[in-house]
Structures are given as C-alpha cells and as structure tokens.
**Q** 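If you scroll down you'll find the structure; I have some questions about it.
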Amino acid sequence: MSDFIIYNTLSRKKEIFKPLNPGHVGMYVCGPTVYGEAHLGHSRPAITFDLLFRYLQHIGYKVRYIRNITDVGHLVNDADEGEDKITKKAKVEELEPMEIVQLYTNSYRRNMTQLNVLPPSIEPSASGHIIEQIAAVQKLIDSGFAYTVNGSVYFDVEKFASVHTYGKLSGRKIEDLYSNTRELDAQTEKRSSLDFAVWKNASTEHIMKWPSPWGEGFPGWHIECTAMSTKYLGETFDIHGGGLDLLFPHHEAEVAQGMACFGHDPVHYWMHNNLITINGQKMGKSLGNFITLDELFLGTHPLLEKAYSPITIRFFILQAHYRSPLDFSNEALQAAEKGLDRLLKAVDLLDKLQPADVSTIDVKGLTEKCYSAINDDLNTPVLIAHLFDGVKMINSANDGKASVNKEDLEALKKLYHDFTFDILGFKSEAATSGAANDEILGEVVDLLLNYRVEAKNNKDWATSDKIRNRLTELGFEIKDNKEGFSWELKK
RNA sequence: GGUCGGUUGGCCGAGUGGUUAGGCAACGGUCUGCAAAACCGUCUACGGCGGUUCGAAUCCGCCACCGACCUCCA
C-alpha cells in the first residue's frame, strides 16, 4: 500500500505521515465557540477531521483526538467593544453564561451526531482549564516572552522574533505585519501593535472572569489551545487541524506560544480545511450569511429549496477536496443527494448479488485505486469517483452484463463497507423494503403492492397505476422487477 | 495596500507536460403493459495575452477577475 501523505501548512508541501510514536497519533482540532447554533461552515472541519480520525484508525493507529469547546473569550464583532462573545449573548437572553455554553454545546453535539461525526477522544472546554492556562501564561512570563500591564499579560512578539521566527506558519513577515497594522485605540498598553493578549484583565461588569496572579480576568484566545493540547498530547504532537481562517493569527500564536514555552515546535503537521462559501463569499457568523445545520436538515432557511439530510451534507462536503473552497448552492446539494443515493443503492445491491464462476471485475485494482486516492492527502473526490466506477460494475453485474466470483464478491463487499461506511462515514437514511424503519408501515406497503401485482396479473392497468401513482405521491419509489417489486421511502 | 490561494464543460468538482476523472442535468437507445431504477451511447472544458517545448489546461512571465487573512479594543 502507498504511504499516507498529508499536506503540511508549515512546509507548504505534501509530506509522508510519520507519527512521533509508532502506532500512536495525537491530533488536536479547533472546535466551535459555543455562542450560537452550528452552521454549515462548522461542519467542514468537523467532517474533514472526522474522516482523518476514522482513516488513521482504519490503517491501524491508536488515535487520541482532542477537539476543544471554546466557551470563554472572543468578541461578538467590532461593534461590541470590550465584551466577550459569550457574555454578550448572556445579557441579551438574560441567561447565565454557562447556560448559553451548555445550550449550544448540546446543540453542536447533536448536529455532529446527525452528521455521523464520531465524538473525539476528549472534548475539553476552555473554562474547565483555567488553571492550565494560568500556568501556561506564567510559563511565558518566566521565559521572558510575555509581560504584564495593568492586570493583563501580553505576548512580546518583537522579543520572540529576535530569537525565533514569527510568522513561519502563515508565511507572514514581521516587517509586513508592522506596515499593515491599523492604528487602534487603547493599544497603548501593548509594547507593540503585534503583541497579543494571553491573559486579559476583566472590567467590573465582565461576567466571565477568574482570579489569577495578575488579578481577575480571563484567558487570551490563543492560550487555551496551547494549554489543552499540551495537557493531553504533550509538548509536541502529530497533527493540529482547523479552518483556514484560523491560520493567522490564532495558529501562528499557538506556534509562537509553543516555541516560547518549550523551545521547539509544538506541532509536526498543520492541516487546514478551506471554507464553505455562499455566493463566493465565506460563510460565517460575523458576516451573517450562514445557514445553520438545523435549517439545512429541516429546509427552513429562505435560501433552501428543500431540506437536505445530514448525510447528504456530509457527502456534499467530501465530494470536494478539503483544501479547496466549496460553494453552497441548491443545485450542488441536490446533485450530492442523488449521487449519494446511487452509491448507497449499489452498496445495498452487493448483498443481493449472486457469485459467478468468473470475475469480469478487477476488485484488486479498484481497491488499490481507492487507497492511493485517500492516501494522497485525503483525496475524497477521487476516492468517491473510484467508488462510482465500482458502482457501474456492481449495477452491471446485477443486470447480468458483468460477473464476480465468490472471492471477489467478498472483497468487493469489504471494500465498500470499509470506505463507504467506516471511512467516509456515510449511512443509509431511507426506509426500504426489507429494512423498513417502521415494520408495520413496511408490511402495509407490501400489502398494497401485492394487490398491485394481482391487478397487473389481471392486466388491470388502471388499478395497478392508481396504487403506484398514489404511493409515488406519498414519497415512495416503486420499482418493478422479475421477483415482483421493491420500494423505498424517499424523503 | 501587504501576504497567500483560486479562475475547469449547462451545474458541482478532480487532475495534470502527450491517455475517459467522477457526480448531477440534458439527449438518444435497451428493458418495462406504461413507468421507475439500472445498463449502453452522446455532450470533450480548462480566465486573457505572450513564452518554454515535438507537444501545455498542466511549466514560466504579464494582465484581468474572485476569495481568505492582515491580531484582541477582547
């Protein structure tokens, strides 16, 4: 089998993946800030790194996957100066900040389950790791790369840059950063406009705050990931993932903090998923152009022509490469829905296929193609294309225009089970004959269709068509075949 | 303005120095009582202009257009 290759943002190259400790992988991914419903944009990193998590396990690694919950810090937007995102929302809805956190954490987890995203090994929250963050801040002060002003602590970028390289992850040069920095008010505390807060003094009206050696305050945005990744994965770990929009300043700050604390890079492989766009623009909370996952699943957003199932969303996302932008549209979603249906039907068909004496299908070649696609930086669009090539073969075999022997049929079943369900994480959502969600409903439909068979045998096409048309109207798809019929419930 | 990335057929979306990506849609055919599903076939693109090359959508240069980020006041 070919090597597993991933694109490392740090080197801007594809690299062969080699874990720090043989057989084990430590992986950290930036999770959501829980101050609102999860939207389509949130699903991309979740699904991308779920795929990675699943695949690493498939090829035999024991993986510890950390995905954090950010529940302190972050402004709502520029207009809400000085207030933290969670605090702001709390005041609006007159709830305790931790109530907001709980509400949206629950809803995020529910959405992730719907998308068939596996729960990470550990899902730490920033508010649950204040002690670790204070310790990390202290370490930065001790190492001389952070300074204290009026109860806040700032990272000294200039000092850091005199010893290490600042900007190597995002490809920024410190001179450029200086020339591009806007003059902002109240930056007088900081020695340089490039410095960033690692601990922030809280005003009296600020609700979410904790005691610290520097007074009451709250941690800076970037320090939580440094503190929590270090705690659970160590000073150096294998993979850090997240959205491309976090590359700068967030991940750059993490690199700097790690270097400042430990004297070496904290992460071997940095991976960034691209963003979902809508009308060519980033879909994001701050832009207000987002569609929540619940709206997608229910079809309630005005831009949606219909509801799209969670697995359709998953398929839509995986049919594009994770490093490419992906544009939302009803047409694309509907194409995904139909494509997914075709794939899942063919997988279903595998169980009904009768083995032949000879094989006209090159299962081994197909398997190799699938592995080399996913090994090439998780190239799921190519992987899915190969799976569709196989779909054509499976359908042909079902039509008697191709054949597989027993051994190949078993291999084909394993291939599709592994890739479609275990690795890509798709699953069947529709009720079908034989596997109906509702047994009684299934029997009733069978009953009606058996009457239709009787009518057909009597050449009573009027009755026959009436039954089929009425069922079709209700959302059933009726297919006649030599054995009689089969049906499925379309949503 | 700076940095980085992108521009592919009706739509989505891969790929890449010479060979069919794939999905969806459309059209023709097979099958069917008629359908549906499936199968077979058709549809051959790579922003513009130059350059390198036997050959470029793929490499180089320029131009145009689009996008992301450019830092905390939290």
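Every chain is numbered from 1 and lettered A, B, ... according to where its sequence line falls, protein lines coming before strand lines.
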**Q** Describe the nucleic acid contact of A/Leu343 in one word from base, sugar-phosphate, nothing, applying a heavy-atom distance below 4.0 Å.
**A** nothing
**Q** Assess the pair A/Phe290 and A/Phe328: is the distance between their ring centroids shorter than 6.0 Å?
**A** no
**Q** Does A/Phe4 form a ring-ring contact (aromatic ring centres under 6.0 Å, His included) with A/Tyr55? I'd like the steps, not just the answer.
**A** CA-CA 10 Å; A/Phe4 181 39; A/Tyr55 186 59; 5.3 Å; yes
**Q** When we call it a touch if two heavy atoms are under 4.0 Å apart, what does A/Gly220 touch: a base, just sugar-phosphate, or nothing?
**A** base
**Q** Taking the same atom, P, in B/C24 and in B/G33, what whole-Å distance lies between them?
**A** 27 Å
**Q** With respect to the phosphate group of B/C34, does any side-chain polar atom (N or O) of A/Ser464 fall under 4.0 Å of OP1 or OP2?
**A** no
**Q** Is it the case that A/Lys285 places NZ or CZ above or below the six-membered ring of A/Tyr35, under 6.0 angstrom from the centre and within 45 degrees of the axis?
**A** yes
**Q** Got a sec: does the CD of A/Glu158 have more than 12 other heavy atoms crowding it under 6.0 Å?
**A** no
**Q** Tell me which of A/Ser329 and A/Asp245 sits closer to the 5' end of RNA chain B, going by the nucleotide each one is nearest to.
**A** A/Ser329
**Q** What distance, rounded to whole Å, do you find between the two P atoms, one in B/C46 and one in B/C40?
**A** 28 Å
**Q** If you check every side-chain atom of A/Arg172, which of B/C73, B/U3, B/G67 has the closest atom?
**A** B/U3
**Q** Report yes or no: is the cationic atom of A/Arg323 (NZ for Lys, CZ for Arg) closer than 6.0 Å to the six-membered ring centre of A/Tyr7, at no more than 45° off its axis?
**A** yes
**Q** What base-paired stems does RNA chain B take part in, with at least 3 consecutive Watson-Crick or G-U wobble pairs and both distances under 3.5 Å?
**A** B:1-7 with B:64-70, B:10-12 with B:22-24, B:26-30 with B:38-42, B:47-51 with B:59-63
**Q** Of all the choices, B/G33, B/A68, B/C12, which nucleotide is nearest to the side chain of A/Ala332 once you look at every atom?
**A** B/C12
**Q** Is any side-chain nitrogen or oxygen of A/Asn379 closer than 4.0 Å to OP1 or OP2 of B/G15?
**A** yes
**Q** Taking only side-chain N and O atoms of A/Lys282, does any of them lie within less than 4.0 angstrom of OP1 or OP2 on B/C69?
**A** yes
**Q** Would you sort out whether A/Trp487 and A/Asp446 count as a side chain to side chain contact (heavy atoms under 4.5 Å, CB included), showing the intermediate values?
**A** CA-CA 9 Å; A/Trp487 60 269; A/Asp446 284 348; 2.9 Å; yes
**Q** Tell me the interatomic distance from A/Arg323, atom CZ, to B/A14, atom P, rounded to whole angstroms.
**A** 10 Å
**Q** With a non-hydrogen cut-off below 4.0 angstrom, is A/Asn395 in contact with a base, only sugar-phosphate, or nothing?
**A** sugar-phosphate
**Q** Which whole number of Å gives the distance between the P atom of B/A14 and that of B/C54?
**A** 34 Å
**Q** Could you tell me whether the phosphate oxygens of B/A38, OP1 or OP2, come under 4.0 Å of any side-chain nitrogen or oxygen in A/Asn398?
**A** no
**Q** Taking any heavy-atom pair under 4.0 Å as a contact, classify A/Leu247: base, sugar-phosphate, or nothing.
**A** nothing
**Q** Considering only the P atoms, how many Å lie between B/A25 and B/G47, rounded to the nearest integer?
**A** 26 Å
**Q** Rounded to whole Å, how long is the line connecting atom CD1 of A/Ile278 with atom P of B/G67?
**A** 14 Å
**Q** For atom C1', what is the distance between B/U20 and B/U8, given to the nearest Å?
**A** 16 Å
**Q** When the C1' atoms of B/G55 and B/C59 are considered, how many whole Å apart are they?
**A** 13 Å
**Q** Checking contacts here: which listed nucleotide (B/G13, B/A37, B/G33) is nearest the side-chain heavy atoms of A/Ala320?
**A** B/G13
**Q** Base, backbone or nothing for each nucleotide of nucleotides 19-26 of chain B, written B, S, -, heavy atoms under 4.0 angstrom, 5' to 3'?
**A** --BSSSS-
**Q** What is the distance from CZ of A/Arg468 to C1' of B/C34, rounded to the nearest Å?
**A** 6 Å
**Q** Taking the P atom of each, how far is B/G61 from B/C66, in whole Å?
**A** 22 Å
**Q** If you measure from the C1' atom in B/A21 to the same atom in B/G9, how many Å do you get, rounded?
**A** 13 Å
